[in-house]
Amino acid sequence: AVVSTQSTESSGINAEYGEIYKMLALIFHVVVSLLIIDDCEALQYKSAHRGIPGTLSHRVYLRNSKGVPISPFHDVPLKVEDGVYNMVVEMPRWSNAKYETSKKEKLNPIIQDSKIYDGVEKVRYVHNVFPYHGYMWNYGSIPQTWEDPEYIDPNTGVGGDNDPVDILEIGRNVGYVGEIKQVKVLGVIALVDKGETDWKVMSIDINDPMASSLNDIQDVEKNMPGLLAASRDFFRNYKVPRGGQYNVFGFEGEWQGREFTEKLLEETHGRWRGLLYRKTKGKIMTENTRNKDSPFHISKKEARAILNSNPPYKPDMTVAPPDSVQYVSFVKRTVSEPVCGVVDGFFVLEICIE
């Protein structure tokens, strides 16, 4: 009888502990789930416009799903998962307004670049270099990367351009300013612009129907013949209409593949970390809301104050670009590209269409 009693008591205790363990496991599961959901929600982005489009006052900020303003440069992760990268769209395909991520303003809003014309600061537009209209891809930057001016790249022999790495997205959908796309990187070309290294990464939206067919740079030429040569031709000549020089390239203008590109992004991500954690000098605003161990981390309240310090968004007052934005510029080619025929240094459209 004594043994039976002890056995019953032992069973009761075990059952009680079992229920406690089940409850603790449930609580742990719920807490972890909430943390995961919270993190995922923070990675859903929405744009927040301020000022008047077409003017120097226009700003496009980024907010997470909770409405907290964040930096597209520092708060958006480099990757979503292995092989999938984030892209900040600055210039949608076929557009001319020269938008870029600001390095001089807190939280790095996307702004329209400007230049002094006849003593007056005005917003900039990209020329239509025949036979192209604006940019032929969705154009933007890769977050949490940085081309360090003090790092002399052995592939180009010059330092970086002090910007995040530029990226071209070649899918079928036209993006919008401030959109965050998830992309697959395919290759890269080493542009040397005014004595600075300015990498241009080729990519495709992971949701594009062509994404499964494009896994490396040779797949682009196979499935989109002429695009690589046209892109190289554009970057060589696009600054000439506004009085600039012809650009040159590292690797003699040859596109490098996916493996090289992913290694490059890891290296520039490491340089960005040096910038964000004060291990590297850089004249860039590094305020952020996500990297809590960074000396430049700011509170949600501070981030909202930065956004709210801007004038309200007034799309009804949008200033249209000048008529000259639609003009076509003809540039004498110094190098022939296989994308189109060239006669006496100029493209001949009839030869382009074969």
Side-chain angles (χ1 to χ4, degrees), residues 72-74 76-93 99-101 110 126 135-148 151 153-156 158-173 175 179-193 196-208 210-211 213-221 223-224 227-236 238 247-272:
F73 193 165
H74 307 302
V76 179
L78 169 67
K79 291 181 183 179
V80 178
E81 58 187 55
D82 284 346
V84 179
Y85 293 79
N86 279 312
M87 169 192 182
V88 180
V89 177
E90 298 165 341
M91 293 184 62
R93 187 169 67 240
Y99 279 93
E100 62 183 17
T101 300
I110 301 171
V126 174
Y135 278 19
M136 68 184 83
W137 346 257
N138 291 311
Y139 185 88
S141 60
I142 302 177
Q144 296 190 346
T145 62
W146 180 49
E147 298 194 50
D148 184 354
Y151 172 74
D153 195 304
N155 301 296
T156 61
V158 293
D161 66 352
N162 200 38
D163 286 330
V165 175
D166 295 326
I167 184 167
L168 331 170
E169 194 278 315
I170 58 177
R172 64 172 59 178
N173 291 330
E179 180 181 8
I180 305 298
K181 282 181 173 287
Q182 282 70 55
V183 301
K184 180 194 299 185
V185 300
L186 305 169
V188 67
I189 193 168
L191 176 67
V192 178
D193 184 354
E196 297 175 332
T197 302
D198 189 7
W199 294 99
K200 307 293 183 183
V201 172
M202 185 74 75
S203 71
I204 188 161
D205 191 320
I206 60 171
N207 297 310
D208 192 89
M210 285 290 291
S213 301
L214 303 179
N215 296 295
D216 214 323
I217 199 66
Q218 64 268 21
D219 298 327
V220 179
E221 184 60 30
N223 292 277
M224 301 177 174
L227 180 59
L228 297 181
S231 300
R232 182 172 51 225
D233 176 76
F234 176 88
F235 284 120
R236 180 181 286 112
Y238 80 114
N247 287 324
V248 295
F249 303 93
F251 298 105
E252 298 183 346
E254 291 297 318
W255 288 84
Q256 303 304 300
R258 180 174 182 173
E259 183 177 353
F260 179 96
T261 306
E262 293 194 324
K263 181 181 178 182
L264 170 71
L265 294 181
E266 288 302 319
E267 291 173 352
T268 53
H269 177 64
R271 296 187 191 103
W272 165 82

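Side chain of Q256 to backbone of V188: no donor-acceptor contact under 3.5 angstrom is found. Remark: the backbone N or O of L78 is paired with a side-chain donor or acceptor of Q144 at under 3.5 angstrom. Between the D163 side chain and the T101 main chain, no donor and acceptor come within less than 3.5 Å of each other.
For the pair R271 and Y151, the cation sits on the ring face: its NZ or CZ lies under 6.0 Å from the ring centre, inside 45° of the axis.
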### Query
Hey, mind stepping through E169 and I204 against side chain to side chain contact (heavy atoms under 4.5 Å, CB included) and telling me if it holds?
CA-CA 5 Å; E169 194 278 315; I204 188 161; 4.0 Å; yes
#### Entry: Derivation and outcome, side chain to side chain contact (heavy atoms under 4.5 Å, CB included), residues K181 and V89
CA-CA 7 Å; K181 282 181 173 287; V89 177; 4.0 Å; yes
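The closest side-chain donor-acceptor pair between N162 and E147, if any, does not fall under 3.5 angstrom. For the residue pair E90/S141, the side-chain donor-acceptor check at 3.5 Å is satisfied.
Using a 30° and 60° split on the angle between ring planes, H74 and W272 fall in the parallel class, below 30°. A perpendicular orientation is assigned to the rings of F234 and Y135, their planes being inclined by more than 60° (bins at 30° and 60°). Using a 30° and 60° split on the angle between ring planes, W199 and F251 fall in the tilted class, from 30° to 60°.
Taking the centre of each ring, F235 and W255 stay at or above the 6.0 Å mark.
For D216 and R258, the salt-bridge test fails: no basic side-chain N is under 4.0 Å from an acidic carboxylate O.
When M136, E221, R232 are each tested for a side-chain contact (heavy atoms from CB on, under 4.5 Å) with L227, only one passes: M136.
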